[in-house]
Amino acid sequence: MKNKFLALLISSAFMFAACGDDSSSTSADPSTEESSSSMEEGDDSSSSEKGDAKSSSSKKGDKSSSSEKSSEKSSSSEKSSDKSSSSAKEDSKSSSSVSKDKSSSSESPKSSSSETPESSSTEVSSSSVVTPEGARAAKLTDLQKNYELKLFDQTVYLSTGSKQGVLALRIPDELWVVTYTDFAGGVVSFKKDKAGLQYSETDAVKKIIGKMEAGFKISFVVKEADNADEDDKILYSVDGGDYSEAIKASVAVQKSKVSKAEAIQKKIYECADGDSTRTFKFFDSSYIYETSIDGQVVNWNAGRYDIQRSTLLMIPLYYVGSSRTMFTYSVGTDDAITAYNGEKLNCTVEDVEYAYEDAKDFVGEWVATRDGVDWTFTLKADGTSKLEAFEGTKQVEFKSGTWEVYGYYMVMDFNMLLNPGSTTSMYGQLQTGTVDRETGKISGFSFVHHDKGTPRIPTSFEAPEYDD
């Protein structure tokens, strides 16, 4: 794969239309969930979804899918968004996924502190939920892969997938709601501006979406069985209401499609698409997606993923410009990736070749000099970051925001900028330097990002020297 690991970044606005992909239709074809008698492992009891039985109060009179477009995120250039014309054509086929943006701020660095990252838990603040007597807060590992729930008088299915934080609510052929959460205290929250959405305009969906404007939370507890021959029960409460039992559900698996995220972990899918190449890099629970033309990355996004109900769900948390709130695909056992408009990408698959980097190695203060400009790069353990540059005594750059390590890449989102129009998200490939024998810490690291903004951000940093 030519230059497959070179993380290139352009600072042009990222238009979703140019990204071209993804969740290109309305909700998934219901036949994809009942075409095989095979069931997902561990989900063979109680209430079968009956092809993901449709919500009883739902009406099909208005089946038009919903789409919301958002403004573009500011950037230093907008020229390259029209480079990916070969993939842009797909967007005209898609109208179901809600779009979002991350409008940049050009506030003075002193005017505000760092904000909570979108990639953190999407909890909605409210009063604490009282745990029933004899029960404890649930962990993700306590939950089965699929449950039937009642939410606001609607039958909704919850899926937990690989139990790494991506949770989804589903009304068959009508609704996907996907969020990423730390599930602290057994609680997951769903809020419209912090969840992936794909839906059709039905009565059932309108009730759920209406509740998501303000946000709602579901609390899960484990009620231990009184007798050893009985199973523990999973109970749930919506917004602090009465607890009900979550009914375990069975979901049909298509033998021609990948049904578990572990099958694509540590894999790179490189897929030809006309004059462009789409590359999917799947790490343990995170991903980086790139669209390239002539070896140059013209669009990208990064976030969290899982495979649930034989559907690849991708939640973009880092991107430049506008993006859909979620992307949906199916991954075939023949290594093909298919969007829900039916367009199939034939891909070659390889294992990732580099070891993952450990985020804690990068926590601290780092320095570099490039083109006469002195840089200080501060990465904190709480996930916040600060990038400052001085030319002499004049401050020429300041960016603060959030950071994470995905595999052997660092992804960053800036919520405060000194220079209007500066790139608001970036990513780069990492490689650590030598380890200091006395401190046990790395001496520095490379950060190959190819950001085009000015002043140019260094591609390597080292630990500062101190006068003891």
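Given the structure is predicted, the values throughout are model-derived calculations rather than measurements.
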For residues D413 and T402, is any side-chain donor paired with an opposing acceptor at under 3.5 Å? no
Would you say the ring centers of F283 and Y408 fall short of 6.0 Å from each other? yes
NZ/NE/NH1/NH2 to OD/OE distance under 4.0 Å, D382 and K380: no
Closest non-hydrogen atom pair, A336 against N346: CB-OD1, 4.2 Å
Can any side-chain N or O of D306 pair as donor or acceptor with the backbone N or O of S162 at less than 3.5 Å? yes
Which heavy atom in F190 sits nearest to a heavy atom in V177, and how many Å separate them? CD2-CG1, 3.6 Å
Distance (rounded to the nearest 0.5 Å) between L167 CG and Q308 CD: 6.5 Å
Closest approach of L345 to C271 (non-hydrogen atoms, all atoms of both residues): CB-CB, 3.9 Å
With no hydrogens and no angle check, just 3.5 Å: does a side-chain donor-acceptor pair link Y427 and S425? no
Determine, step by step, whether Y329 and F280 satisfy the ring pair (Phe, Tyr, Trp, His ring centres under 6.0 Å) criterion, reporting the C-alpha distance in whole Å, the side-chain angles of both residues, the deciding distance to 0.1 Å, and the verdict. CA-CA 12 Å; Y329 295 95; F280 300 78; 5.4 Å; yes
Side chains of N146 and Y157: closer than 4.5 Å at any heavy-atom pair? no
T181 side chain to F183 backbone, donor-acceptor under 3.5 Å: yes
Is there a side-chain contact between V363 and W403 in this structure, where contact means two heavy atoms from C-beta onward sitting under 4.5 Å apart? yes
When every non-hydrogen atom of K257 is compared with those of S310, the smallest separation belongs to CD-O, 4.2 Å
Do D451 and R456 come close enough that some side-chain heavy atom pair is under 4.5 Å? no
Taking the side chain as every heavy atom from C-beta outward, state whether V373 and R370 have any pair of such atoms under 4.5 Å apart. no
Using a 6.0 Å distance limit plus a 45 degree cone around the ring axis, check whether K281 lies over the aromatic ring of Y406. no
Just do the side-chain contact (heavy atoms from CB on, under 4.5 Å) check on K399 and T423 with the steps written out, would you? CA-CA 9 Å; K399 295 184 177 188; T423 305; 4.0 Å; yes
Quick one: does V178's side chain get under 4.5 Å of V166's, heavy atoms only? yes
Can you tell me how far apart CD (E397) and CG (D374) are? Round to the nearest 0.5 Å. 14.0 Å
Among R304, Q265, K163, which residue meets the side-chain hydrogen bond (donor to acceptor under 3.5 Å, both in side chains) test with S285? R304
Atom of Y180, atom of Q164 and distance for their closest heavy-atom approach: CE1-O, 3.5 Å
Tell me whether D361 is salt-bridged to K441, with the criterion being a basic N under 4.0 Å from an acidic carboxylate O. no
Are the side chain of T160 and the backbone N or O of Q144 linked by a donor-acceptor pair below 3.5 Å? yes
Determine whether D334 and K344 make a side-chain contact, defined as any pair of heavy atoms from C-beta on separated by less than 4.5 Å. yes
Exactly one of K194, K192, K191 should register a salt bridge (charged side-chain N to carboxylate O under 4.0 Å, His left out) with E213. Which one does? K192
Starting from the C-alpha separation in whole Å, work towards a yes-or-no answer on side-chain contact (heavy atoms from CB on, under 4.5 Å) for Y305 and L312. CA-CA 7 Å; Y305 79 95; L312 170 61; 3.9 Å; yes
So, does K217 use its side chain to make a donor-acceptor pair with the main chain of V187 at under 3.5 Å? no
Mind checking the OG1-CG spacing from T325 to L197? Nearest 0.5 Å is all I need. 5.0 Å
Do we see a donor-acceptor contact under 3.5 Å between the side chains of D436 and S443? no
Distance from L158 atom CG to Y147 atom OH, nearest 0.5 Å? 8.5 Å
Going through the distances and angles, do S286 and E404 end up as a side-chain contact (heavy atoms from CB on, under 4.5 Å)? CA-CA 10 Å; S286 57; E404 292 185 90; over 6 Å; no
Measuring from K386:NZ to S400:OG, what's the distance to the nearest 0.5 Å? 8.5 Å
For residues V297 and H450, determine if any side-chain heavy atom of one lies less than 4.5 Å from a side-chain heavy atom of the other. no
For the atom pair CE (M410) and CZ (F377), what is the distance rounded to the nearest 0.5 Å? 5.0 Å
Side-chain (N419) to main-chain (V396) donor-acceptor, under 3.5 angstrom: yes
Got M416 and F398 here, is their nearest side-chain heavy-atom distance under 4.5 Å? yes
Could you tell me whether E365 atom CD has more than 12 heavy atoms of other residues or ligands within 6.0 Å of it? yes
I293 and S276 have their tightest heavy-atom pair at CG1-CB, 3.9 Å
After noting the C-alpha distance and the side-chain angles of M426 and I457, does the key distance pass the side-chain contact (heavy atoms from CB on, under 4.5 Å) rule? CA-CA 11 Å; M426 64 185 297; I457 299 173; 3.9 Å; yes
Ring centroids only, cut at 6.0 angstrom: are F445 and W366 within range, meaning strictly under it? yes
